[in-house]
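First up is the structure itself, then whatever we jot down about it.
The structure presented is a predicted model; accordingly, all values stated were derived computationally and were not measured.
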Amino acid sequence: MSIEEISAHFKVASVQGRYVTLKDIEPILHQWNTNQQLKVEGNSVLQNPIYSYTIGTGKTKILLWSQMHGNESTTTKALLDLLLFLNSGSNEALVFLNHFTLLCFPILNPDGALAYTRENANGIDLNRDAQNLSQPESQILRKAFDDFQPDYCFNLHDQRTIYGAGNSGQPATVSFLAPAYNQECEYNDTRLQAVDVIVAMNNTLQQLIPNQVGRFDDAFNLNCVGDTFQFLAVPTILFEADISQIIIKGKKLESIFF
């Protein structure tokens with residue numbers, strides 16, 4: 001199957017719109033919990049469970065988290081679509097699962113998702129808490145990082161509709177960044193590995209959404225999770241997605257996973 005065919009066929013139709021909470025995804029995650037893939041890693045400030053979902057047996061390990069900002073649900077929907085595909089038993093899914101092991105956090109900030117706010121219930125931006133680790137949600141993600149020892153990290157976010165892709169006149173449907181690991185925004189082997197992945201994704205996406213891929217600002221801030229993980233020598237990729245803008249071959253799509 002082509003990427004377009006996979007995207008069109010594997011959609012979690014019950015999860016739509018901008019407001020996505022645990023209530024929306026819990027039944028789906030439990031339905032896919034056929035072999036203890038689902039785990040409660042801990043609880044949020046308001047004692048809501050924070051779920052992880054592990055799938056695959058491959059050597060390359062990828063840690064992915066979405067809705068670190070509670071009001072950014074685009075990549076949660078995309079991640080659910082991806083998990084639906086990976087649970088399909090298709091030949092393409094089996095090849096993927098033999099190469100990769102994914103540890104996914106579909107909603108890292110369930111309190112913020114419920115309130116539709118960027119911050120958690122204590123008013124803390126979890127993406128500025130990578131050093132203090134003052135919040136239970138931050139501690140859960142960092143423990144997962146330490147225990148799982150990923151080869152790559154995917155930091156999944158929404159992007160505001162005001163952004164464009166350079167001077168193309170097209171919307172920035174998705175923007176990528178290999179975060180900096182130091183104040184000088186230099187490139188080392190770790191950051192270059194993340195860049196290589198972005199280049200490969202961009203090469204494919206330019207065939208699907210030409211001139212709709214942007215590059216996010218790489219100003220260094222060690223309080224940010226992506227910058228911290230890059231600093232700790234794990235290639236990390238920031239995704240900023242605005243799927244509402246996506247146009248493939250003249251048609252708008254409601255979701256796609258990358």
Side-chain angles (χ1 to χ4, degrees), residues 1-7 9-12 25 28-29 31-39 41 50-68 74-108 140-157 174 176-179 189-205 207-208 213 225-226 229-230 232-241 243 255-258:
M1 286 184 287
S2 68
I3 292 177
E4 297 100 315
E5 290 170 332
I6 292 172
S7 175
H9 186 71
F10 295 102
K11 288 187 181 298
V12 179
I25 73 168
I28 300 164
L29 295 176
Q31 180 182 344
W32 291 338
N33 189 26
T34 56
N35 192 26
Q36 297 183 325
Q37 301 100 320
L38 187 64
K39 180 181 177 182
E41 298 283 356
I50 296 176
Y51 290 100
S52 71
Y53 189 90
T54 304
I55 189 167
T57 57
K59 180 180 178 181
T60 302
K61 298 186 292 184
I62 305 175
L63 174 64
L64 311 91
W65 62 97
S66 184
Q67 259 175 290
M68 166 177 277
T74 296
T75 50
T76 300
K77 290 174 285 188
L79 186 54
L80 291 174
D81 291 347
L82 173 60
L83 293 177
L84 176 63
F85 162 67
L86 294 178
N87 277 292
S88 69
S90 68
N91 290 334
E92 293 88 349
L94 293 175
V95 169
F96 187 101
L97 294 173
N98 285 331
H99 282 84
F100 301 98
T101 300
L102 306 186
L103 174 58
C104 311
F105 285 83
I107 299 182
L108 184 66
I140 287 167
L141 180 61
R142 180 56 186 267
K143 185 177 186 303
F145 173 87
D146 291 338
D147 293 347
F148 187 56
Q149 298 184 357
D151 297 294
Y152 294 92
C153 291
F154 288 3
N155 185 5
L156 309 176
H157 290 268
V174 62
F176 297 123
L177 177 67
D189 289 343
T190 300
R191 194 180 186 196
L192 287 173
Q193 287 182 61
V195 169
D196 286 344
V197 174
I198 292 172
V199 169
M201 290 190 293
N202 182 60
N203 288 340
T204 297
L205 286 170
Q207 302 173 39
L208 299 168
V213 180
V225 174
F229 289 172
Q230 200 89 278
L232 294 173
V234 176
T236 300
I237 299 164
L238 172 70
F239 289 69
E240 295 274 345
I243 306 304
S255 70
I256 189 170
F257 53 80
F258 305 106

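Using a 4.0 Å cut-off between a side-chain N of Lys or Arg and a carboxylate O of Asp or Glu, Asp146 and Arg142 qualify as a salt bridge.
Taking the side-chain contact (heavy atoms from CB on, under 4.5 Å) definition, one finds that Thr54 meets it with Thr101, Leu103, sequence neighbours left out. Under the side-chain contact (heavy atoms from CB on, under 4.5 Å) criterion, Ile198 pairs with Phe176, Ala178, Met201, Ile237, sequence neighbours left out. The side chain to side chain donor-acceptor pair (under 3.5 Å) check on Thr34 picks up Gln37, with sequence neighbours excluded. Residues meeting the side chain to side chain donor-acceptor pair (under 3.5 Å) test with Thr204, sequence neighbours left out: none. Under the side chain to side chain donor-acceptor pair (under 3.5 Å) criterion, Asn33 pairs with no residue at all, not counting sequence neighbours. Looking at residues two or more places apart in sequence or on another chain, you find a side-chain contact (heavy atoms from CB on, under 4.5 Å) between Ile140 and Glu41, Ile50, Phe105. Scanning for side chain to side chain donor-acceptor pair (under 3.5 Å) contacts around Ser66 gives Thr75, Thr76, with sequence neighbours left out. Partners of Gln36 according to the side-chain contact (heavy atoms from CB on, under 4.5 Å) rule, which considers only residues two or more places apart in sequence or in another chain, do not exist here. Every residue meeting the ring pair (Phe, Tyr, Trp, His ring centres under 6.0 Å) condition with Phe229, not counting sequence neighbours, appears here in chain and number order: Trp65, Phe145.
If you take NE2 on His99 and OG1 on Thr60, they are separated by 8.0 Å, rounding to the nearest 0.5 Å. Annotation: the span from Phe96 atom CZ to Ile6 atom CD1 amounts to 10.0 Å, rounded to 0.5 Å. Rounding to the nearest 0.5 angstrom, the gap separating the CG atom in Leu29 from the CG atom in Leu80 is 6.5 Å. From Leu82, atom CG reaches atom CG of Leu102 across 6.5 Å, with rounding to the nearest 0.5 Å. The SG atom of Cys104 lies 9.0 Å from the CD1 atom of Ile62; values are rounded to the nearest 0.5 Å.
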(request) For the pair Leu156 and Leu238, evaluate side chain to side chain contact (heavy atoms under 4.5 Å, CB included) and give the outcome as yes or no after the intermediate values. (result) CA-CA 6 Å; Leu156 309 176; Leu238 172 70; over 6 Å; no

(request) Take Tyr51 and Leu108 through the side chain to side chain contact (heavy atoms under 4.5 Å, CB included) test and state the conclusion after the steps. (result) CA-CA 8 Å; Tyr51 290 100; Leu108 184 66; over 6 Å; no

(request) Evaluate side chain to side chain contact (heavy atoms under 4.5 Å, CB included) for Phe85 paired with Glu92, printing each intermediate quantity in order. (result) CA-CA 9 Å; Phe85 162 67; Glu92 293 88 349; 3.9 Å; yes

(request) Check the pair Ile55, Leu97 against side chain to side chain contact (heavy atoms under 4.5 Å, CB included), reporting the backbone distance first and the verdict last. (result) CA-CA 7 Å; Ile55 189 167; Leu97 294 173; 3.6 Å; yes

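Among all heavy-atom pairs drawn from Gln67 and Ile107, the shortest one is OE1-CG1, 3.5 Å. Contact between Asn155 and Gly226 at its shortest, heavy atoms only, is ND2-N, 4.0 Å. Between Pro106 and Ile25 the shortest heavy-atom distance is CB-CD1, 3.8 Å.
Partner Trp32 forms a side chain to side chain contact (heavy atoms under 4.5 Å, CB included) with one of Leu86, Leu83, Leu38 and no other, that one being Leu83.
Checking side-chain atoms of Asp81 against main-chain N and O of Val12 turns up a donor-acceptor pair under 3.5 Å. Remark: side-chain polar atoms of Arg191 are paired, donor with acceptor, to backbone N or O of Pro179 under 3.5 angstrom. Under a 3.5 Å cut-off, the side chain of Glu240 and the backbone N or O of His157 do not form any donor-acceptor pair.
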All N/O donor-acceptor pairs, side-chain side in residues 147-154, below 3.5 Å, sequence neighbours left out:
from	atom 1	to	atom 2	distance (Å)
Asp147	OD2	Lys143	NZ	2.6
Asp151	OD2	Lys61	N	2.8

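Dense packing is recorded around CG of Asn203, with more than 12 heavy atoms of other residues, nucleotides or ligands lying under 6.0 Å away.
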